[in-house]
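Working notes for the structure below.
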There are 2 protein chains.
Amino acid sequence: MIAIPALGGSVGTTEKVAEAIRSGIRTGQFVPGQHLVEAELTLRLQISRSSLREALRHLSGDGIVAIHRYRGAHIHRLSRKEVRDLLEVLEQLVRLAARRGAGSTREKRDLMDAALEAARRHDEDGGHHLYLSVRQAFYDALFEVADNQELPRVTPLRRADLFRAQIRPYQTREQQEAHTQGYRLIAQAVIGGDVAAAEAAVGALFAQTYAMVETLPDIAFEME
Amino acid sequence: MIAIPALGGSVGTTEKVAEAIRSGIRTGQFVPGQHLVEAELTLRLQISRSSLREALRHLSGDGIVAIHRYRGAHIHRLSRKEVRDLLEVLEQLVRLAARRGAGSTREKRDLMDAALEAARRHDEDGGHHLYLSVRQAFYDALFEVADNQELPRVTPLRRADLFRAQIRPYQTREQQEAHTQGYRLIAQAVIGGDVAAAEAAVGALFAQTYAMVETLPDIAFEME
DNA sequence: ACAGATGAAATCGTAGGACGATATTGACGG
DNA sequence: CCGTCAATATCGTCCTACGATTTCATCTGT
């Protein structure tokens, strides 16, 4: 008998817990800087301390939580410099993805239509939650057309979620829509197969973001 | 009383175990594809299963070990495509580091002298172990002058160690020396403050590596 | 009232045991 | 030789325990 490894369902407790925490960050249930007390979390998530600690260790590898000896795990809070550094690295990787995507075959590139469709929906009814799903759809599609397995591995998108959580109170809806528009321009350039335009569109999007970061107040960031 | 957090010594068991395994990969004690049996490792390293599992979870985040449910942890073995993808991402990040490094202040750039010194030693007596320390010194210095905290976080250097381990039997000494020479050229360009030359030197080094990968036999890689 | 000392409580780090779930292996029969 | 099946190995998860360290409230002397 051939083993059928239940394609989606064989996900372990550790991964489920990690996703619960990541999701909690996106929904605001966990806030950057917050102390994650093991005893409390094991109760809330109904899991053992072993599984929780494995999940926290996993998240610490992604830079989502910081673990200090005998002081436990905290949701990491980015400093302004950390955000600048993060964005700079992110930009390079997204540029690479866009270049590869725009240079791929016609059929592959059509995968980005999903991202465009999501962006269109965001235009009509643009809440924060919808923005996040647009962003998710955009990057999923981009990595798919880029056809580079390493890219989603190293791209610090989940770490960027920390950034999104920290700046949420200072984000205007116009800024969010401008950002979504940036995604749309990148997607169109990729679909059109225009490598140079795609990379330029990425540059424009990040230039916008760098500028936005500098307008934010100090209290949005961890001090050093 | 001010707490003095013992700067180097407060490293936990998890990190020590993870480093032991990483080091074991470099020394050939562990070989890509190898099954890591928990019971055996807890005995060899004299630690509890809890700590070991936390360490394995950490390493799986870095892509060093692959964990499959009920089949445990294996040292990951890269396929040829994974290597190509890895190198492509690595190149972008090293380019960024070189650009930033070459554009930094004069004093900062002098930090790269350590890397040059290490490379000089490798020329005289070039064993594999020394090559690895040259490589380490080079990247340490490069990240230092690049002054971007995110860069060492995301750069898949430890994953590239897997690559090094897999191709070791097929590497000639000349190829290793050519690679070291590539490091030296990058370092010189960075110290000289020539941004364009630094980035070009990175491109040359990776072009060399891409070509080398294609000359390797299939058995050096995981099949798909 | 307040800075610093002190001790109690909270929390973490590590070890180790238990047991069901699953994969792997090897024996068996066709 | 191939498929079936049971035995074994190994993993995933939960649990308990206890020393180590931090954190916090209390106390003390000025």
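Keep in mind that the numbers below use all heavy atoms, side chains included, and drop hydrogens, waters and symmetry copies. Naming: A, B, ... by sequence-line order, numbering from 1 per chain.
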A/Asp161/A/Arg135 under salt bridge (charged side-chain N to carboxylate O under 4.0 Å, His left out): CA gap, chis, key distance, verdict:
CA-CA 11 Å; A/Asp161 281 347; A/Arg135 178 170 176 270; 2.7 Å; yes
Using the closest heavy atom to pick a nucleotide of DNA chain D for each, name whichever of A/Ser51 or B/Gly72 lands nearer the 5' end.
B/Gly72
Compute whether any side-chain donor of one residue and acceptor of the other, for A/His76 and A/Glu82, lie under 3.5 angstrom apart.
yes
[N] phosphate, OP1 or OP2: any side-chain N/O from [X] under 4.0 angstrom?
X       : N      : result
B/Arg69 : D/dT13 : yes
A/Ser48 : D/dT13 : no
B/Arg53 : D/dG12 : yes
B/Ser50 : C/dT14 : no
B/Thr13 : C/dT14 : yes
A/Arg71 : C/dT11 : no

B/Leu36 near the nucleic acid: base, sugar-phosphate alone, or nothing, with a heavy-atom cut-off under 4.0 Å?
sugar-phosphate
Take atom [atom1] of [X] and atom [atom2] of [N], then tell me their distance rounded to the nearest Å.
X       : N      : atom1 : atom2 : answer
B/His74 : D/dT10 : NE2   : C1'   : 10 Å
B/Glu54 : D/dG12 : CD    : P     : 14 Å
A/Glu40 : C/dT11 : CD    : P     : 9 Å
B/Gln46 : C/dT14 : CD    : C1'   : 14 Å
B/Lys16 : C/dG13 : NZ    : C1'   : 11 Å
B/Leu56 : D/dG12 : CG    : P     : 9 Å
A/Leu43 : C/dT11 : CG    : P     : 12 Å
A/Ile67 : C/dC12 : CD1   : C1'   : 11 Å

Electrostatic pair [X]:[Y] at N-O distance under 4.0 angstrom:
X        : Y        : result
A/Arg120 : A/Glu117 : yes
A/Arg80  : A/Asp218 : yes
B/Arg109 : B/Glu144 : no

Looking at the side chain of B/His35, which of C/dT14, D/dC11, C/dT24 is the nearest nucleotide?
D/dC11
Both A/Val37 and B/Tyr70 contact DNA chain C. Which one's nearest nucleotide lies toward the 5' end?
A/Val37
Quick one: are B/Phe138 and B/Ile186 in side-chain contact, heavy atoms under 4.5 Å?
yes
Does A/Arg100 reach the side chain of A/Asn148, with side-chain heavy atoms less than 4.5 Å apart?
yes
Dot-bracket pairing map - DNA chain D, Watson-Crick plus G-U, both contacts under 3.5 Å, | cross-strand:
||||||||||||||||||||||||||||||
Could you check whether atom CZ of B/Arg158 has more than 12 heavy atoms from other residues, nucleotides or ligands sitting under 6.0 Å from it?
no
Indicate, yes or no, whether a donor-acceptor pair under 3.5 Å links the base of C/dG17 to the side chain of B/Arg49.
no
